[in-house]
Amino acid sequence: MAGTTALHVADSGSGEKVIVLLHGYLESMYVWDDFVPLLTPSMRVITLDIPGHGISEVKGEVHTMEQMADVVKDMLDAMGIERVTLCGHSMGGYIALAFCERYPERLDGVVLLSSSPMPDTELKRENRRREIALVKAGKKVVLASVAPETGFAEHNRKRLKDYIEDLVEQVHITEDEGIIALLGGMMCRKDQNEMLRTSAVRQLFILGKWDNYIPVEAAEEFIALNPQAKVVWLEQSGHMGFIEEPEACAEALKEFVLN
C-alpha cells in the first residue's frame, strides 16, 4: 500500500512548524476547512483524505492503522518534510498513535483530539461488525442518520446543524469499501498506552466534557495511565471540539506546537 496510494492533500504552504491534521471516521479533509485558518499563518497546516475516505484510494479489504501511518510517512517524504506535529481526530488519533510507534524521530509532538490510546472493547468491536454488516447490506443510510449528530454535544446540535448536515452528506458519498476497510482496521488496533508512556515524543490530549463516544470516566482512565501527557478539556464540546469550540481547540494546539 505504502508509496503507491493516490492521496488527496491540501497544504497551506508556509510556516516553520508543520502540523498534519488527520480526520476521523466517516469524515474527509473538508471537515477541517473552517478550522485551518485559526492555525495559519502561525504554522504550516497539511490535511489529507485518509485512504478509504474522501477521494483518496481504497487499497484492500482492511486498512490497518499501521498501513495508514505508512501512507502519512510516504506523503511527508514526498513533500520533503522531515518533522511534524500529528493531530488526529478520533480514528485519525489511532493513525497518529501508530505513526508515533513506528516513526517517533519524525515527530515534534502527537495530539489525540477526542481520541484514545485504548484498544476496542469487545462491545465496540461488535458494534463495528454490525456497521460492516449494515454497509454490506446497502444500509449505509443508518450510519448517516446516527453518527454525525451523536458526535456533537446535545446543547450544540441546533447551533451547528449545518455542520451536521454536511457530515451526513459525507457519509452518503463515502465509498462502502472504504468504510468497511477502515472499520476493520480500527477493530484490530492494539493498546497503545505503554508505547505512549515510554515514548520521548511530546503528547497532548484534547477532550470534550460532553463526548458521547469517549465519556469523561473513560477518558480519565487513560489519562491516569499517561501522566506524561498534557491534557486540555473543552468544557462545552462533545466529540467534535474543533467545530464546537474551535477557538479554544486552536489555542491549545498553537500553544503545544509553537512552544
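Heads up: numbering here begins at 1 and tracks the sequence.
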Salt bridge (Lys or Arg N to Asp or Glu O under 4.0 Å) with [X]: which residues, sequence neighbours excluded?
{"X": "D191", "result": "none"}
{"X": "D33", "result": "none"}
{"X": "K230", "result": "E255"}
{"X": "K139", "result": "none"}

If Ile, Leu, Val, Met, Phe, Trp and Tyr residues are connected whenever their side-chain heavy atoms lie under 4.5 Å apart, and connections chain through other members, are [X] and [Y] in the same group?
{"X": "M65", "Y": "L21", "value": "no"}
{"X": "I243", "Y": "L39", "value": "yes"}
{"X": "L22", "Y": "L183", "value": "yes"}
{"X": "V58", "Y": "I180", "value": "no"}
{"X": "I46", "Y": "M29", "value": "no"}

Check whether any side-chain N or O of [X] sits under 3.5 Å from a backbone N or O of [Y] as a donor-acceptor pair, and report yes or no.
{"X": "E66", "Y": "A98", "result": "no"}
{"X": "R202", "Y": "F256", "result": "yes"}
{"X": "S237", "Y": "L234", "result": "no"}
{"X": "E27", "Y": "G24", "result": "yes"}
{"X": "Q67", "Y": "T64", "result": "yes"}
{"X": "S199", "Y": "M195", "result": "no"}
{"X": "R125", "Y": "D120", "result": "yes"}
{"X": "K59", "Y": "G52", "result": "no"}
{"X": "R189", "Y": "M118", "result": "yes"}
{"X": "R106", "Y": "I81", "result": "yes"}

I need the [X] [atom1] to [Y] [atom2] distance, nearest 0.5 Å.
{"X": "L97", "Y": "K190", "atom1": "CG", "atom2": "NZ", "answer": "10.5 Å"}
{"X": "K17", "Y": "D108", "atom1": "NZ", "atom2": "CG", "answer": "4.5 Å"}
{"X": "E247", "Y": "F35", "atom1": "CD", "atom2": "CZ", "answer": "9.5 Å"}
{"X": "I206", "Y": "C249", "atom1": "CD1", "atom2": "SG", "answer": "4.5 Å"}
{"X": "I214", "Y": "S115", "atom1": "CD1", "atom2": "OG", "answer": "6.0 Å"}
{"X": "E57", "Y": "E177", "atom1": "CD", "atom2": "CD", "answer": "13.0 Å"}

Does [X] have more than 12 heavy atoms from other residues, nucleotides or ligands lying within 6.0 Å of its [atom1]?
{"X": "E217", "atom1": "CD", "value": "yes"}
{"X": "Q236", "atom1": "CD", "value": "yes"}
{"X": "E126", "atom1": "CD", "value": "yes"}

Step-by-step side chain to side chain contact (heavy atoms under 4.5 Å, CB included) determination, D74 to L7: CA-CA 10 Å; D74 289 341; L7 279 186; over 6 Å; no

Looking only at non-hydrogen atoms, find the nearest pair between [X] and [Y] and report the distance.
{"X": "P148", "Y": "V171", "value": "CG-CG2, 4.2 Å"}
{"X": "L207", "Y": "A219", "value": "CD1-CB, 3.9 Å"}
{"X": "L26", "Y": "H53", "value": "N-NE2, 2.8 Å"}
{"X": "G93", "Y": "L112", "value": "O-CD2, 3.6 Å"}
{"X": "G54", "Y": "S28", "value": "CA-CB, 3.9 Å"}
{"X": "Y94", "Y": "S116", "value": "CE2-O, 3.5 Å"}

Non-neighbouring partners of K254 that pass side chain to side chain donor-acceptor pair (under 3.5 Å), sequence neighbours left out: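 Per chain and number, K254 pairs via side chain to side chain donor-acceptor pair (under 3.5 Å) with E251.
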
Side chain to side chain contact (heavy atoms under 4.5 Å, CB included) assessment of M91 paired with I50: CA-CA 10 Å; M91 177 188 73; I50 290 165; 4.1 Å; yes

For a 4.5 angstrom cut-off between non-hydrogen side-chain atoms, does [X] reach [Y]?
{"X": "P51", "Y": "M68", "result": "yes"}
{"X": "L107", "Y": "V84", "result": "yes"}
{"X": "M43", "Y": "V18", "result": "no"}
{"X": "L143", "Y": "L134", "result": "yes"}

Derivation of the side chain to side chain contact (heavy atoms under 4.5 Å, CB included) call for I223 and F205: CA-CA 8 Å; I223 288 169; F205 301 161; 4.2 Å; yes

For a quick test of your reading: what N or O donor-acceptor pairs under 3.5 Å do the side chains of residues 159-168 make, sequence neighbours left out?
unit_1: R159; atom_1: NH2; unit_2: N156; atom_2: OD1; d: 3.1
unit_1: R159; atom_1: NH2; unit_2: E244; atom_2: O; d: 3.2
unit_1: Y163; atom_1: OH; unit_2: D34; atom_2: OD2; d: 2.5

Under the ring pair (Phe, Tyr, Trp, His ring centres under 6.0 Å) test, residues paired with F99 that sit two or more places apart: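 With sequence neighbours excluded, F99 shows a ring pair (Phe, Tyr, Trp, His ring centres under 6.0 Å) to Y103, given in chain and number order.
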
Ring pair (Phe, Tyr, Trp, His ring centres under 6.0 Å) partners for Y213, two or more places apart: H239

Passing candidate, side chain to side chain contact (heavy atoms under 4.5 Å, CB included) with I19, options V45, V111, T40: V45

Distance-only polar pair, side chains of E131 and Y25, donor-acceptor under 3.5 Å: yes

Go through the structure and list residues passing side-chain contact (heavy atoms from CB on, under 4.5 Å) with [X], not counting sequence neighbours.
{"X": "I55", "answer": "H8, D49"}
{"X": "V216", "answer": "K209, E220, W233"}
{"X": "S14", "answer": "none"}
{"X": "Q228", "answer": "L196, R197, Q203, N226"}

Ion pair E122/R129, N-O distance below 4.0 Å: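 R129 and E122: salt-bridged.
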
Steps toward side chain to side chain contact (heavy atoms under 4.5 Å, CB included) verdict (F242, H89): CA-CA 9 Å; F242 63 99; H89 173 240; 3.7 Å; yes

is_close_aromatic(W32, H23), centroid dist under 6.0 Å: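 That pair fails the under 6.0 Å test.
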
